[in-house]
Amino acid sequence: MIDLPVTELKNDRFLRALLREPVDMTPVWMMRQAGRYLPEYRKTRAKAGDFLSLCKNPELACEVTIQPLERFPLDAAILFSDILTIPDAMGMGLYFGEGEGPLFERPVRTKAEVEALPIPDPEDELDYVMNAVRVIRRELDGRVPLIGFSGSPWTLATYMVEGGSTKNFALSKGMMFEQPETMHLLLDKLAQSVTSYLNGQIAAGAQAVMLFDTWGGVLTPRDYREFTLNYMTQIIDGLQRENDGRKVPVIMFTKGGALWLEDMAASGADALGLDWTIDINDARERVGDKVALQGNLDPCVLYSSPERIRAEVATVLKSYGKGSGHVFNLGHGIHPTIPPEHAAALVEAVHSLSKQYHTE
């Protein structure tokens, strides 16, 4: 195990905004900020051999986590990993097909198969993730906070039942409707696993954690509450919320979740991630001071000129308005073909234009 020296944060703007404490400017980071749009990432991935090998090498995972911070004055780093590490650790045989995305050798589709799934130990089957967190914290040396993360139980379950990516969720929704007890059993095992996994990341040094509910938005309001929000709330209830004498904020992000903001705000999360399908001022009016908000620029804006990027950033900042509680981000991950200089224009615009909305 790697020993983690306790270092003071030089920039805690991100953590303070998540807790709705005063900040001097709106903090910014980008989902998938360590990724294929950076040539240095592609070089490191080639050195690793493949994506999974990169995820499972703590030193290389640290390298790509920090790469965007060397280019842009971002206010947070996010652990480089994948949401499917938990099902992989359950023995499902994760691999990535060329041009196909993630695939599983052994999908789960029966109650017996779900019952046979183990709950992984974060310091055993997932020790490479915990070691990556420790290495990244050491190398960051207090520069900015480190975000840990996991996929939501529902999102993980869709991949596990489908055997990979899907457009219509036929098998996973089929299980949900026809075998709800089996789906609940799977989701409960995943909720226990995610709770343990995130607590492991926090103990290893993650200073905030995020739940990615990528596919919650494909559900009806009733099914969203029963099959995803219920389990995310269970996870949040079980998380260690303080470490190193400081609160560890939790961000919940449901893509397509604007319908359910009030329910999400009651989950116990400190912040809600927003995609671009809702005006951030409308979201702020609906949740009040219950939670901070993270988002929500359409990632495709980054295909436009730096001048247009700056104008769109100004629109989002004006929409949120004065005061803390806003972490600027994209409404989903940065696209692989975005020019890095456009990401730089985004970060610069957020920092320079947001100062007028803060009094500190």
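Sequence positions, counted from 1, serve as the residue numbers for this chain.
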Engineer: Can you tell me how the ring of Phe14 sits relative to the ring of Trp29, calling it parallel under 30°, perpendicular over 60° and tilted otherwise?
Structural biologist: perpendicular

Engineer: Is the His326 to Tyr357 ring centre distance short of 6.0 Å?
Structural biologist: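 Ring centroids of His326 and Tyr357 are no less than 6.0 Å from each other.
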
Engineer: Once you measure the plane-to-plane angle for Phe51 and Phe96, does it fall in the parallel (<30°), tilted (30-60°) or perpendicular (>60°) bin?
Structural biologist: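 Judged by the thresholds at 30° and 60°, the geometry between Phe51 and Phe96 is perpendicular.
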
Engineer: Give the minimum heavy-atom separation between Ile86 and Val194, together with the two atoms involved.
Structural biologist: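 The pair with the smallest heavy-atom distance is CD1-CG2, 3.7 Å.
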
Engineer: Walk me through it: do Arg13 and Asp75 pass the test salt bridge (Lys or Arg N to Asp or Glu O under 4.0 Å)?
Structural biologist: CA-CA 7 Å; Arg13 191 180 290 134; Asp75 294 297; 2.7 Å; yes

Engineer: According to the interplanar angle, ranging from 0 to 90°, do the rings of Phe72 and Tyr37 count as parallel (below 30°), tilted (30 to 60°) or perpendicular (above 60°)?
Structural biologist: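 Parallel.
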
Engineer: With a 3.5 Å distance limit and no angle check, can you tell me whether Asn199 reaches the backbone of Leu239 through a side-chain donor-acceptor pair?
Structural biologist: no

Engineer: Verify salt bridge (Lys or Arg N to Asp or Glu O under 4.0 Å) between Asp223 and Lys173, making sure each step is shown before the conclusion.
Structural biologist: CA-CA 10 Å; Asp223 295 328; Lys173 282 192 174 185; over 6 Å; no

Engineer: May I ask you to decide whether Arg310 forms a salt bridge with Glu348, counting only side-chain N to carboxylate O separations under 4.0 Å?
Structural biologist: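 Salt bridge between Arg310 and Glu348, a charged N being under 4.0 Å from a carboxylate O: yes.
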
Engineer: Report yes or no: do Ser152 and Asp213 form a side-chain donor-acceptor pair below 3.5 Å?
Structural biologist: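 Asp213 and Ser152 do have a side-chain donor-acceptor pair below 3.5 Å.
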
Engineer: Got a second to check how far Leu84's CG is from Leu103's CG, nearest 0.5 Å?
Structural biologist: 10.0 Å

Engineer: Tell me whether Leu54 shares a hydrophobic cluster with Leu52, the cluster being built from Ile, Leu, Val, Met, Phe, Trp, Tyr side chains joined at under 4.5 Å.
Structural biologist: yes

Engineer: Can a salt bridge be assigned to the pair Glu312 and Arg308 using a cut-off of 4.0 Å between side-chain N and carboxylate O?
Structural biologist: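 Salt bridge present between Glu312 and Arg308.
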
Engineer: Do Gln192 and Asp188 have a side chain donor and acceptor closer than 3.5 Å?
Structural biologist: yes

Engineer: Between Phe169 and Trp215 (judged by ring centroids, cut-off 6.0 Å), do the two rings come close enough to count as a pair?
Structural biologist: yes

Engineer: Donor-acceptor pair, distance only, cut-off 3.5 Å: does the side chain of Glu113 make one with the backbone of Thr110?
Structural biologist: yes

Engineer: Just checking Phe80 against Tyr41, ring centres under 6.0 Å apart?
Structural biologist: yes

